[in-house]
Amino acid sequence: MGGHFGFFRRIPKLQNFFNGAKLIELQFVFFRPKIFQMKKYSLVIHGGAGTLVKGLMTPEKEEAYKIALNEALEKGYAILENNGSAMDAVETAVNHLEDSPLFNAGKGSVFTNDGTHEMDAAIMDGKTLDAGAVSLITGIKNPISLARDIMEKTEHVFLAGEGAMRFAKSLGYTLETPEYFYDEHRYQQWQNIKDSDKFQLDHSMKKEGKFGTVGAVACDKKGNIAAATSTGGMTNKRWGRVGDSPMVGAGTYANNKTCAVSCTGSGEYFIRGVVAYDVSCLMEYKGMSVEEAASEVINKRVLEIGGDGGLIAVDADGNIAMPFNTEGMYRAFKTSEEKKEISIYRD
Ligand code: ASP
């Protein structure tokens, strides 16, 4: 022990005191106590992945998507900034995207084989592992809010079809008319394949289109994370087809210990790959970072089983990932480190 502490060597008690003080000082520099650290928080949203190739969309349309993504992002982020919860932030962001005709969720939902709109949604709280999910519902403006009501107001996780509709009505949800969900472009998409056995990922059309399942993941100031996903599914779907989006572990998952994930892509592959939970498992069991785990799942495991799509993810430290194995994915993020980005293509 040298320098200005040298004098106290001869006075053992005082020396101990100063050694301790120095240690505390060092600890403060290298391991700053949590209360003095600024907790990083972040929000990521997506509006679907698919064959989104540069140049296929008019600049005006591209701008419209970016504006809608930006509005949803800012609305959700404002909640985090004002000490709100990750759950509120993801619900608000998804609500905004559901109200836009641009995305395949809520108002912009695709047509089923019967010419109707059947929507799926799920939300999950990474702090409590509570989850709410809903499937095969019609006429509901904001399916993600109904999913949250199922989580908070019932003992159940997943309600589907007619029963889910009865539950919604019991809470006073009003139903929108089919006209609210009508969109000429989506109608034409359906007309093109309605007499075939095909069903189609909305955003894989090789021409300008209105694409996209929507989702959001967030990490709030307390380090709690949440995930939400909402979709109209796939054009021309039938027989009560349900995709990955409302399935906890497949299209949606959140756990404070690992990550919050919202997926988009061909649901059948995402269900078989248990994709959202797979990202969490790689983090928990293999010690991967959120970025490594998300990339391993999307760029390797999903591809290996023939699936196309992408996901957004966040961990409890606010780190984010947005991998996709398609040409593009509507996506946006904002973090408390003043980082913000809104993008569509691979770039
Ligand atoms: N994953 C959704 C589904 O299969 C579709 C999408 O992401 O657009 O229902």
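In each ligand, atom 1 is the first atom listed, and ligand 1 is the first ligand listed.
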Salt bridge [X]-[Y], side-chain N to carboxylate O under 4.0 Å:
X      : Y      : result
Lys75  : Glu71  : no
Arg148 : Glu91  : yes
Arg301 : Asp278 : yes

Quick check: does any side chain N or O of Asp125 sit under 3.5 Å from a backbone N or O of Lys127, one acting as donor and the other as acceptor?
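Present.
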
Determine whether a donor-acceptor pair (N or O, by modelled atom type, separation under 3.5 Å) exists between the side chain of Lys257 and the backbone of Glu284.
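A pair under 3.5 Å: no.
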
Of the choices Gly243, Gly309, Gly265, Gly47, which has the non-hydrogen atom that lies closest to atom 5 (C) of ligand 1?
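The nearest heavy atom belongs to Gly265.
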
Heavy-atom contacts with Gly267 under 4.0 Å: which atoms of ligand 1 show up? List them by number with element.
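Those qualifying, in numeric order: 4 (O).
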
Near Thr264, which atoms of ligand 1 are under 4.0 Å from a heavy atom of that residue?
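Reading through ligand 1 atom by atom, the close ones are 6 (C), 7 (O), 8 (O).
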
Within the structure, does [X] bring an N/O atom to less than 3.5 angstrom of an N/O atom in ligand 1?
X      : answer
Met234 : no
Thr213 : yes
Asn104 : no
Asp244 : yes

Over 60° means perpendicular and under 30° means parallel, so classify the ring planes of Tyr253 and Tyr277, tilted if in between.
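Aromatic pair Tyr277/Tyr253 classed perpendicular.
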
If the condition is side chain to side chain donor-acceptor pair (under 3.5 Å), which residues does Asn299 pass it with, not counting sequence neighbours?
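Asn299: side chain to side chain donor-acceptor pair (under 3.5 Å) contacts with Ser295.
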
Could a heavy atom of Gly251 be found less than 4.0 Å from some atom of ligand 1?
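Gly251: no contact with ligand 1 (<4.0 Å).
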
Can you tell me if Met329 contacts ligand 1 (heavy atom of the residue under 4.0 Å from the ligand)?
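Under 4.0 Å: no for Met329.
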
Heavy atoms only, cut-off 4.0 Å: how does Arg241 contact ligand 1, side chain, backbone, both, or neither?
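For Arg241, only side-chain atoms sit under 4.0 Å from ligand 1.
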
Is the contact between Ser245 and ligand 1 made by the side chain, the backbone, both, or neither, using heavy atoms and a 4.0 Å cut-off?
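Side chain only.
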
Going by salt bridge (charged side-chain N to carboxylate O under 4.0 Å, His left out), name the residues that satisfy it together with Lys66, two or more places apart in sequence or in a different chain.
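Counting only residues at least two positions away or on another chain, Lys66 forms no salt bridge (charged side-chain N to carboxylate O under 4.0 Å, His left out).
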
